[in-house]
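The block underneath contains the structure these notes are about, expressed in structure tokens.
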Amino acid sequence: MDTDVEGVEQAVSTGTLPAWSRVDELVTEAHERYLPRTSGAVADYIPVLAAADPDLFGVSVAEVDGRVHTAGHVDVEFSIQSISKAFVYALVCHELGHDIVRERVGVDNTGLPFNSVIAIELNDGHPMNPMVNAGALATTALVPGATPAEQWERIRTTLSAFAGRQLVLDGEVYQSETLTNQRNKAIARLLESYGRIDTDPLEVVDVYTRQCALRVDARDLAVMGATLADGGVNPVTGERVVDAHVCGDTLSVLAATGMYERSGEWLFEIGIPAKSGVAGGIVAVAPGKGAIGTFSPRLDRAGNSVRGQRATAYLSRTLGLNVFASDVHASGRAARSSERKDSAS
Ligand code: GLU
């Protein structure tokens, strides 16, 4: 799409969260309100994930001023899985820029499941977007590094900078997925056949499998998301992780494609960009305000955490995060009513 805005400065809309104590109360309320929900099922297509404790539930909000609110199991680690796609995409956008990444990976929804092979065939080999496995593999292939080991280290250190602490690989999850990821290998080979992956496709799958097996907790997800809400600076550590324009590039893709084939419904109901993963994590980002990180392993049929979605919806509504919500501006209303009084007198 040619928007013809080259050189035009990007102004940003702003907003504020309620007072700290109110945010704290709402995070606790969101946790208490959805704790009794036990519907959904733990993912088992990666065998080791089936062993997760289904009752775990953590909720965290990180504000762009660096304050973090928590309730429940916010320190329990789990594998980041698909949520890594958002942050590796940000890394690649930062390194290669908007245009190259849009052309190589794409930004449009496929409307098909995250591991669809048909979607690749239907789009002449184009991966379509970085939040489905095809696009995520194409994105990982673009991470700077002379060897897969260098690429992996770059991913690990960048995602650690987003989280504000050293993230480590869950060896058990990595091994379990490596033994069962034939489909991702097939997707990578198919992309190679279409010229969409230039390096060894199986090495790309290996780096991708590692990135999915990084261990995070709900608090990490909130801080990682808040870095995307804060123009690319981690609000807790103060470290710049990516350029500001990368945040917009990443969040717009999350809005369109972050919640699997439920992305439209998610935006309609909850109104903020988000990404979920099959281990039960969700990160949702309110630009300029902060982010929500949740963890609860029971998933719905689309692969999104049941409690996590509800807690995020509750917080989006009560904290005023929905980017599409508006109200009549008070000063405009006052001006119009005084105009009416003047014309009546
Ligand atoms: N590592 C998983 C896969 O590639 C991630 C899936 C997900 O979280 O959606 O199948």
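Each ligand, and each atom within it, is numbered from 1 in the order the structure gives.
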What is the nearest protein non-hydrogen atom to [atom], stated with its residue, atom name and distance?
| atom | answer |
| --- | --- |
| atom 9 (O) of ligand 1 | Y260 OH, 2.4 Å |
| atom 4 (O) of ligand 1 | Y208 OH, 2.7 Å |
| atom 6 (C) of ligand 1 | Y45 OH, 3.1 Å |
| atom 7 (C) of ligand 1 | S82 OG, 2.7 Å |

Do NZ/NE/NH1/NH2 and the carboxylate oxygens of [X] and [Y] come within less than 4.0 Å?
| X | Y | answer |
| --- | --- | --- |
| D230 | R240 | no |
| D249 | R102 | no |
| R165 | D220 | yes |

Look only at interatomic distance and state if [X] has a nitrogen or oxygen under 3.5 Å from any nitrogen or oxygen of ligand 1.
| X | result |
| --- | --- |
| K85 | no |
| V278 | yes |
| Q81 | yes |

Quiz item: How does I83 reach ligand 1, if at all, at less than 4.0 Å between non-hydrogen atoms: by side chain, backbone, both, or neither?
Solution: neither
Quiz item: How does C212 reach ligand 1, by side chain, by backbone, by both or by neither, if only non-hydrogen atoms under 4.0 Å count?
Solution: side chain
Practice problem: Kindly indicate, with the supporting measurements, whether the criterion side chain to side chain donor-acceptor pair (under 3.5 Å) is fulfilled by R156 and Q211. | Solution: CA-CA 7 Å; R156 199 190 63 74; Q211 81 183 46; over 6 Å; no
Quiz item: Between F57 and H31, does the ring centroid distance fall short of 6.0 Å?
Solution: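 They qualify: ring centres under 6.0 Å apart.
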Quiz item: Closer than 4.0 angstrom: is that true for some heavy atom of N184 and an atom of ligand 1?
Solution: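 Yes, N184 has a heavy atom closer than 4.0 Å to ligand 1.
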Please identify which atoms of ligand 1 are closer than 4.0 Å to at least one heavy atom of [X].
| X | answer |
| --- | --- |
| N133 | 3 (C), 4 (O), 10 (O) |
| G277 | 8 (O) |
| F114 | 6 (C), 9 (O), 10 (O) |

Quiz item: What do the steps show when you test N181 against T209 for side chain to side chain donor-acceptor pair (under 3.5 Å), and what is the final call?
Solution: CA-CA 8 Å; N181 64 357; T209 307; 3.1 Å; yes
Self-check item: Pick from Q211, R210, E177: the one approaching atom 3 (C) of ligand 1 most closely through a non-hydrogen atom
Solution: E177
Quiz prompt | Q81 versus S79, side-chain donor and acceptor atoms under 3.5 Å | solution =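 Note: S79 and Q81 side chains meet the donor-acceptor criterion.
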Quiz item: Going by atom types only, do N304 and S276 share a side-chain donor-acceptor pair under 3.5 Å?
Solution: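 Short answer, yes.
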Quiz prompt | Ring-face cation contact, Y34 with R310, 6.0 Å cut, 45° max | solution =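 Not satisfied by the 6.0 Å and 45° rule.
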